[in-house]
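In what follows, a structure is listed as structure tokens, so that the remarks can point back to it.
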2 protein chains.
Amino acid sequence: MKKAEIISIGDELLIGQVINTNAVWMASELSAIGIPTLRITTVGDDSDEITDSMRAAVSRANLILITGGLGPTRDDITKSALCRFFNVSLRFDEPTYARVRELLRSRRYLVLDSQRSQAMVPENARLIPNQVGTAPGMWFENEERIFVIMPGVPFEMKEMMQNWILPELKERFRGDVIIHRTVLTTGAGESMISQRIESWELALPSHIRLAYLPQPGLIRLRLSGSGNDAGVLSAEMCEQVDQLKELIPELIFGYDDDTLEGVIGRTLSERQQTLATAESCTGGYIAHLITSVPGSSRYYTGSIVSYANSIKEQELGVLPGSLLKFGAVSEEVVREMAEGIRIRFGTDYAIATSGIAGPDGGTPEKPVGTVWIAVASARGTTTRRFFFNDERLRFIRRTALAALDMLRKEIGKE
Amino acid sequence: MKKAEIISIGDELLIGQVINTNAVWMASELSAIGIPTLRITTVGDDSDEITDSMRAAVSRANLILITGGLGPTRDDITKSALCRFFNVSLRFDEPTYARVRELLRSRRYLVLDSQRSQAMVPENARLIPNQVGTAPGMWFENEERIFVIMPGVPFEMKEMMQNWILPELKERFRGDVIIHRTVLTTGAGESMISQRIESWELALPSHIRLAYLPQPGLIRLRLSGSGNDAGVLSAEMCEQVDQLKELIPELIFGYDDDTLEGVIGRTLSERQQTLATAESCTGGYIAHLITSVPGSSRYYTGSIVSYANSIKEQELGVLPGSLLKFGAVSEEVVREMAEGIRIRFGTDYAIATSGIAGPDGGTPEKPVGTVWIAVASARGTTTRRFFFNDERLRFIRRTALAALDMLRKEIGKE
């Protein structure tokens, strides 16, 4: 059975400047194809440290994935360490250089001499083309072991892993089948969910494990099953997910890579319905989530971000009297905002938010964290008050998810 | 001089479930008191792996910080590994047990028998009280080396580090002073910058090192200096940063923890000027960046996210003829959007964006990645075309940063 180790290279990872998100992502992807990660080692841009950590990894694992130190300004160190480790020299790879030149031209960059070094590669490397950047990845096989070196840029690393490395590893090393299924929930905390699903959780068979993965505003429940037969295991997992669904139906908004904004977009697209937003405290973040979905222009007309009260009156038709009497953060104002944008932009649905993100602006009656959300449709307007006493960006994210979840439920009524 | 290594223990870190934010935080704090971190090793809840990684760390570093594996369900493994490593036994610590009981009662939890194990500690450990959780930290000194073991819960680890461990380390080991200075740039790629600053970079003294840290849309240049005298080193670093500033003045928008939106907000606040945005392809993301800054309501009135062309006409006064003749992604339309929102929202400055984020919607004349940006002020309107052929979310981020940078330069003219 294959066992993996991950080596992350970069001084920036050792002085606390950058969080090592690459390693966790790679470990998760390896786990999904049944390859356990034994160890993750982070070292600096130092040739001795790199070769030393490779040597140590070789004594424990037979698959070693390495990222970092391949950019145009630093590749000397990693590549020379690789050459030293494998006892080979560098060669110039013409196709790689052609690809680098082409990529830079397509981005309208100058092709500089320093880019030539990107095409210098260890003689014994099988090259993995970089479709989205300049430095190629490299695959080495050495006796019973495989070494794969990728750039540290997350985007480039992921592209190589998904399109080249994982498919090849999957093809060549088939261990136990491991199936992950993630159930996405929002609207309840970890202890509340754990109470509601306790009996189901305790009855899970030993080869299916449950993990709670909380994020601001949502909790993912990940089921990991292992077995010999993919078909049998897959059916078992489906059955467990169905049971879970019966226990917390209203909390579940999707599965695996779904997002609230994606799920909503799918339904609106299918029904050929439209959506607009009026945001105060979320300041455009809901619009950003919605428009991060490809094809969202089919159902999303736009937003008015009314940060100033004058804009709420002028653009959304909020009554000056409501602002005066109830304040901007109130049920009345958020209702008028939602109804105002829905009529103005002529959509089927509309969302509005108004709250106090902090750190300033709270009062004893309306402390920082107070927020009103409204969802308007032809059936009328639903409003709800929440209290997210949290750091500013987390407040914004939790409010946006709560608003999208209210919309999801409203859409579900139809 | 002290050199540190960090060992993070936990199965959850090796299956991609949890990102190791502890290690990066600890490395950053150590760096700030002049102790470099040589290596970060992540291992699972496995006694052999733990002792093996400790043994390896001892051969390189003289300060070893370990987190994780001290919770009520897992502490057997880490503690037995420690006992094995130091060749000692466990003893029951009454004061620790009293503190655990008291804490659980104050949180209205039941005191379970399994909690007794939290008070079992290796004989040779000096205990570090846990003010915010149950498991105590432990400090071991062994010949020339120090081992510190802390719980993996970030909140508990940070409390111990800040109140006990860092002050003691600082007191006992005053090593070289290390100063980091980060220069933030946008508007040019890594190779372009490296060419413009080459002679300066080559002339850097050996105790000041430069690192390029690219992110989508910006490149951070980090200078790390070490020396005996904080005052002398600090002056030297300032001098180097000044020289760098002369070479690429227009690319630098800030230092260290600055952000483009924060720098712009500071200037607008000081001048009591205001800003509005009209976003098409960025879909509210610029508004989100601006409103992520606390206090932004002082200068930011809001945005119209005009995803549909009808909204561009209706809300921003874009001429139907311009849309028809030049298309939504054009200099004319983006200019009309910026001027329209500036007049409508009555602000000093306005930003507008219109582009093709993809993956669909490109044409041979206007391929995916094409984007027009306009910045309007009382002095007139500046427009510019960019081409960011990139994944959707990166396209959005790069466009937003380019727009904010255009605004920064426009504000700088005043």
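First the proteins, then the strands, lettered A, B, ... as listed; each starts at 1.
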Using non-hydrogen atoms only, which part of [X] is less than 4.5 Å away from chain A: side chain, backbone, both, or neither?
{"X": "B:I304", "result": "both"}
{"X": "B:S296", "result": "both"}
{"X": "B:S292", "result": "both"}
{"X": "B:S31", "result": "side chain"}
{"X": "B:D46", "result": "neither"}

Look at [options] and state which one has the largest set of heavy-atom pairs under 4.5 Å with chain A.
{"options": "B:R220, B:E279, B:E5", "answer": "B:R220"}
{"options": "B:N309, B:I396, B:L38, B:T21", "answer": "B:L38"}
{"options": "B:S310, B:G358, B:S53", "answer": "B:S53"}

A:V132 vs B:E391, side chain to side chain contact (heavy atoms under 4.5 Å, CB included): CA-CA, chis, key distance, verdict: CA-CA 9 Å; A:V132 290; B:E391 177 268 334; over 6 Å; no
Interchain contact, A:I15 with chain B, by part (heavy-atom threshold 4.5 Å):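 For A:I15, heavy atoms of backbone and side chain both lie under 4.5 Å from chain B.
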So which residue, [options], ends up with the most heavy-atom pairs under 4.5 Å with chain B?
{"options": "A:A27, A:S280, A:A357", "result": "A:A27"}
{"options": "A:I290, A:V43, A:T301", "result": "A:T301"}
{"options": "A:G283, A:A308, A:A287, A:G44", "result": "A:G283"}
{"options": "A:A4, A:G284, A:S303, A:G152", "result": "A:S303"}

Could you tell me whether [X] and [Y] make a salt bridge, using a distance below 4.0 angstrom between a side-chain N and a carboxylate O?
{"X": "B:R222", "Y": "A:D11", "result": "no"}
{"X": "B:D52", "Y": "A:R39", "result": "yes"}
{"X": "A:E315", "Y": "B:R344", "result": "yes"}
{"X": "A:R60", "Y": "B:D48", "result": "no"}

Which value, rounded to the nearest 0.5 Å, describes the distance between [X] atom [atom1] and [Y] atom [atom2]?
{"X": "B:L14", "Y": "A:L30", "atom1": "CG", "atom2": "CG", "result": "11.0 Å"}
{"X": "A:Y307", "Y": "B:F345", "atom1": "OH", "atom2": "CZ", "result": "14.0 Å"}
{"X": "B:N20", "Y": "A:T42", "atom1": "CG", "atom2": "OG1", "result": "7.5 Å"}

Where do [X] and [Y] come nearest, in terms of heavy atoms and distance?
{"X": "A:I40", "Y": "B:L13", "answer": "CD1-O, 3.6 Å"}
{"X": "A:R392", "Y": "B:V293", "answer": "NH2-O, 3.5 Å"}
{"X": "A:T291", "Y": "B:T282", "answer": "OG1-O, 4.4 Å"}

Pair listing, salt bridge (charged side-chain N to carboxylate O under 4.0 Å, His left out) test, anchored in residues 22-31 of chain A, at least two apart: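 The answer is none; no pair qualifies.
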So, do A:H288 and B:V305 sit near enough that their side-chain heavy atoms are less than 4.5 Å apart?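 No. Closest side-chain heavy atoms not under 4.5 Å.
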Taking the side chain as every heavy atom from C-beta outward, state whether A:F155 and B:D390 have any atom pair closer than 4.5 Å.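 Yes; the side chains approach each other to less than 4.5 Å.
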